[in-house]
Amino acid sequence: MALNVRFDRARMEYHHTSEMNGVVADYHSMCNEPERNGLCREEKHSEDAADSNNLCHIEKAYSTILSELGEDVDREGLLRTPLRAAKAMQFLTKGYKETTQDILNDAIFDEDHEEMVIVKDIELFSLCEHHLVPFYGKAHIAYLPNKKVVGLSKLARIVEIYSRRLQVQERLTKQIASAISEALEPAGVAVVIEAAHMCMVMRGVQKMNASTVTSVMLGRFYDDPKARKEFLTLTLKK
């Protein structure tokens, strides 16, 4: 008798769990279909093949550059340098393959909060599109929620997406602010970037201590001097 009761209870729990997770079950069923699996594998294989082909072309280009500079690409120290440089360049520009929609996903939440949210000192590294040398520094971001907030780490991820492209600092600042504004529709967005540019340090005027500051103010940060002052005071104070 006790065995039958346990069996009936287990069967009821099983049916309840199956109903509650019907979507998940359907998903797994779809993924287990041979035809669908084949399409998924084929798509991934196609993407991998394209990446491999691009890597090969970039590697050859770096090999040509080194040869034209007078280097011996067959010497021990440079044998794998073109490949390493190609992989590094793909990483440094990986932002081209990422979108804010991909990273935000389910990280926007309804919240009755209207006061300023600031994330400051977000480290960033990018490549100047004029000379392909680095510029690096920090981004400071604020927004005024309009009944919606976002996971704080997602603000740093947005900075990463746009900084991992060939950039100029002015456009980078604007792209970050616009992406946050479009995703959250807040009452205001403010972005300030402070950065040092190696094109001014390693070459050209060679000014070691020069830094560049850019800002974009949207919504209330643009219209309201008090909101703008509060952000700048909280962000830029040392």
request  = Could you please spell out the steps behind the side chain to side chain contact (heavy atoms under 4.5 Å, CB included) verdict for Met198 and Val201?
outcome  = CA-CA 5 Å; Met198 291 299 99; Val201 175; 3.9 Å; yes

task = Start with the C-alpha gap between Leu124 and Phe135, add the side-chain angles, then the distance that decides, and say whether side chain to side chain contact (heavy atoms under 4.5 Å, CB included) holds.
result = CA-CA 8 Å; Leu124 67 87; Phe135 68 91; 4.3 Å; yes

request  = Please step through side chain to side chain contact (heavy atoms under 4.5 Å, CB included) for the pair Arg220 and Arg228, ending with a clear verdict.
outcome  = CA-CA 8 Å; Arg220 273 179 52 195; Arg228 186 164 60 249; over 6 Å; no

task = Could you check Asp102 against Ile161 for side chain to side chain contact (heavy atoms under 4.5 Å, CB included), going step by step and ending with a plain yes or no?
result = CA-CA 10 Å; Asp102 293 336; Ile161 285 176; over 6 Å; no

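Annotation: the span from Tyr162 atom OH to Thr100 atom OG1 amounts to 4.5 Å, rounded to 0.5 Å. To the nearest 0.5 Å, the span separating NZ on Lys87 from CZ on Arg80 amounts to 6.0 Å. Atom-to-atom distance recorded for Ser215:OG and Phe221:CZ is 12.0 Å, nearest 0.5 angstrom. For the atom pair CD of Glu160 and CD1 of Ile122, the computed distance is 10.5 Å after rounding to the nearest 0.5 Å. Here the straight-line distance linking atom OG1 of Thr173 with atom CD1 of Ile141 works out to 10.0 Å at 0.5 Å rounding. In this structure, OG1 on Thr93 lies 10.0 Å from CZ on Arg164, to the nearest 0.5 angstrom.
Side-chain contact check for His140 versus Glu194: some heavy-atom pair is nearer than 4.5 Å. Contact check for Val149 versus Tyr143: side-chain heavy atoms found under the 4.5 Å cut-off. Side-chain contact between Glu114 and Asn146 is absent, with no heavy atoms from C-beta onward closer than 4.5 Å. The shortest side-chain heavy-atom distance between Leu55 and Leu83 falls under the 4.5 Å cut-off. The shortest distance between side-chain heavy atoms of Leu172 and Thr214 does not fall below 4.5 Å. A 4.5 Å side-chain heavy-atom check between Ile108 and Leu184 finds at least one atom pair inside the cut-off.
Partner of Glu129 under the side-chain hydrogen bond (donor to acceptor under 3.5 Å, both in side chains) criterion, chosen from Arg171, Arg165, Gln167: Arg171.
Side-chain atoms of Ser63 never come within 3.5 Å of backbone atoms of Glu59 as a donor-acceptor pair (strictly under, hydrogens ignored). Looking at His113, its side chain does come within 3.5 Å of a backbone N or O of Glu115 through a donor-acceptor pair. In this structure, Ser181 contributes its side chain and Ala177 its backbone to no donor-acceptor pair below 3.5 Å. Not one N or O on the side chain of Lys154 forms a donor-acceptor pair closer than 3.5 Å with the backbone of Asn105. A donor-acceptor pair under 3.5 Å is absent between the side-chain atoms of Tyr222 and the main chain of Gly188, judged by distance alone.
Under a hydrophobic clustering in which Ile, Leu, Val, Met, Phe, Trp and Tyr are joined whenever their side-chain heavy atoms come within less than 4.5 Å, directly or via other members, Leu232 and Val119 fall into different clusters. Taken together through direct or relayed side-chain contacts under 4.5 Å among Ile, Leu, Val, Met, Phe, Trp and Tyr, Val73 and Leu79 form parts of separate hydrophobic clusters. Residues Leu92 and Tyr96 share a hydrophobic cluster, clusters being chains of Ile/Leu/Val/Met/Phe/Trp/Tyr side chains in contact below 4.5 Å. In the hydrophobic clustering of this structure, Leu166 groups with Phe91; members are Ile, Leu, Val, Met, Phe, Trp, Tyr whose side-chain heavy atoms approach within less than 4.5 Å, directly or through other members. Note on Ile103: it clusters hydrophobically with Ile176, by side-chain heavy-atom contacts below 4.5 Å among ILVMFWY residues.
The number of heavy-atom neighbours closer than 6.0 Å to NZ of Lys60, taken from other residues, nucleotides and ligands shown, is 12 or below. For CD of Glu71, the number of neighbouring non-hydrogen atoms (other residues, nucleotides, ligands) closer than 6.0 Å is greater than 12. Heavy atoms of other residues, nucleotides or ligands lying less than 6.0 angstrom from CD of Gln206 number more than 12. More than 12 heavy atoms of other shown residues, nucleotides or ligands fall within 6.0 angstrom of atom CG in Asp121. At most 12 heavy atoms of other shown residues, nucleotides or ligands fall within 6.0 angstrom of atom NZ in Lys174.
Counting only N and O atoms by type, the side chains of Gln169 and Thr212 include no donor and acceptor under 3.5 Å apart.
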